[in-house]
Amino acid sequence: MQNKHIENNGIQSEAAAIGVVAGTATDTRFGLDFLAARQVPGIGLAISASPQAQTQLQALGRNDLTRQLIEAIASLESAGAGAAMIYCNSLSGAVDMVAVRSAAAIPVISPLDVYAELTQRYRNFGLLAANCQSCANIEREILSGNPSAKVIGIGNLQIVEDIEDGMPAGMIVRQHALDDLAAALVKSGVQILILGCTHFDYFYEELLAHCDGIRLFLPSERMLAILQERAVQAA
């Protein structure tokens, strides 16, 4: 694993922290900030040094990447995490989640679990992901839940790199014509646009202003809710 430094979001609570595993330090921090804004203690670990390194990592054998994720979750569990949130769409789709959950001593949630729920409510999906590997994996998850679903997907790693470089959110929406993308998807009959990369929380509010006629969806809230529901059931 390239980055073994565990971060803390500074929230003090008697409840066990949620472990955040993400692709880079930036989306790890986004995950920790998301939990902190809801007063949930969190500790986080990134497995890659950059978006490009993360994409290259996904090109490794599935078994190798699965092993690295299992090791990351074990490190977070040893540091006090009572559950783990995979705060990375592309990582979630590139590993064997059955093996990850079997090996983990704590509950594990990923964005793919949330998308599986959406397949019962929608048929026409738009998808914006970090790369085409992630697009294909999320589309596969959608179609496994609803074989009649239609997915229009785009992978754009440059958006992720611009976020890592600190480009203002409004500029990202304009420069990458995401407002035009939303309008085009509406014309194609798309009902929901999934932001299939946790980096994209960054410009959610700015893009939402251009999403008349289409639902803009982030999985983060539902991932946390599922973990909290499981904690209550286990108590």
Side-chain angles (χ1 to χ4, degrees), residues 1-13 15-51 53-55 57-58 65 68-95 97 100-101 104 106-115 128-131 134 137-138 159-161 163-164 166 169 194-205 216-231:
M1 194 181 305
Q2 296 183 36
N3 187 343
K4 295 184 179 180
H5 176 65
I6 295 179
E7 295 187 67
N8 187 302
N9 71 355
I11 299 298
Q12 302 298 319
S13 171
I18 292 179
V20 175
V21 186
T24 71
T26 298
D27 50 352
T28 301
R29 174 46 53 188
F30 286 168
L32 292 174
D33 289 347
F34 166 79
L35 294 175
R38 290 147 186 83
Q39 293 300 302
V40 176
I43 53 178
L45 181 64
I47 66 167
S48 302
S50 70
Q54 180 185 341
T55 297
L57 188 63
Q58 290 166 32
L65 191 54
Q68 291 192 39
L69 180 55
I70 289 171
E71 291 174 355
I73 293 172
S75 295
L76 292 171
E77 193 264 335
S78 295
M85 178 184 291
I86 304 176
Y87 210 74
C88 180
N89 287 261
S90 50
L91 177 61
S92 300
V95 300
M97 283 303 304
V100 169
R101 289 195 170 97
I106 55 177
V108 179
I109 191 77
S110 87
L112 298 186
D113 298 312
V114 176
Y115 303 146
L128 181 63
N131 54 53
S134 182
N137 289 327
I138 296 172
I159 297 176
V160 179
E161 293 180 343
I163 292 170
E164 295 259 340
I194 295 173
L195 295 182
C197 174
T198 47
H199 276 79
F200 297 167
D201 295 31
Y202 182 76
F203 57 77
Y204 175 84
E205 294 296 336
L216 187 62
F217 184 80
L218 288 170
S220 310
E221 292 285 1
R222 184 57 185 150
M223 282 199 292
L224 177 58
I226 291 172
L227 282 182
Q228 291 173 332
E229 289 166 7
R230 290 177 181 174

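Every value quoted in this text rests on a predicted model; they were computed, and no experiment measured them.
How far NE2 of H5 is from CG of L45: 9.5 Å, rounded to the nearest 0.5 Å. Atom CG of L128 sits about 4.5 Å away from atom CZ of F200, to the nearest 0.5 Å. The CD1 atom of I106 sits 12.0 Å away from atom CZ of R230, with the distance rounded to the nearest 0.5 Å. Expressed to the nearest 0.5 Å, how far CD of Q228 lies from CE of M223 amounts to 12.0 Å. A distance of 12.0 Å separates CE of M85 from CG of L76, quoted to the nearest 0.5 Å. Here CD1 of I6 is found 8.0 Å from OG of S78. Values are rounded to the nearest 0.5 Å.
Between A104 and I73, the shortest heavy-atom contact is CB-CG2, 4.1 Å. When every heavy atom of A46 is checked against every heavy atom of A25, the shortest pair comes out as CB-N, 3.6 Å. The heavy-atom pair separating Y115 from I194 by the smallest distance is CE2-CG2, 3.5 Å. Heavy atoms only, all atoms of each residue included: M97 and S110 are closest at CE-CB, 4.4 Å. Contact record, A16 with P41: O-CG, 4.0 Å, taken as the closest heavy-atom pair. Heavy-atom minimum distance, S92 versus I86: OG-CG2, 3.3 Å.
Here the side chains of V40 and I11 are not in contact, with every heavy-atom distance at 4.5 Å or above. No side-chain heavy atom of D27 sits under 4.5 Å from any side-chain heavy atom of D201. Contact check for L32 versus Y87: no side-chain heavy atoms found under the 4.5 Å cut-off. Two residues are said to be in side-chain contact when any heavy atoms from C-beta on lie closer than 4.5 Å; N9 and D33 fail this criterion. Side-chain atoms of T198 and F34, non-hydrogen and from C-beta on, never get closer than 4.5 Å to each other. Contact annotation: the side chain of I159 never approaches that of H199 to less than 4.5 Å [non-hydrogen atoms, C-beta and beyond]. Contact annotation: the side chain of V114 approaches that of I226 to within less than 4.5 Å [non-hydrogen atoms, C-beta and beyond]. At a threshold of 4.5 Å between non-hydrogen side-chain atoms, the residues N131 and V160 do not count as touching.
Applying the salt bridge (Lys or Arg N to Asp or Glu O under 4.0 Å) test to residues at least two apart or on different chains, the pairs with a partner in residues 34-48 are R38-E221.
Judged by distance alone, with hydrogens and angles left aside, the side-chain atoms of N137 form no donor-acceptor pair with the main-chain N or O of N89 at under 3.5 Å.
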Residue pair L91, L65: steps toward the side chain to side chain contact (heavy atoms under 4.5 Å, CB included) verdict: CA-CA 8 Å; L91 177 61; L65 191 54; 4.0 Å; yes
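In the model, T24 has a side-chain atom that pairs as donor or acceptor with a side-chain atom of E164 under 3.5 Å.
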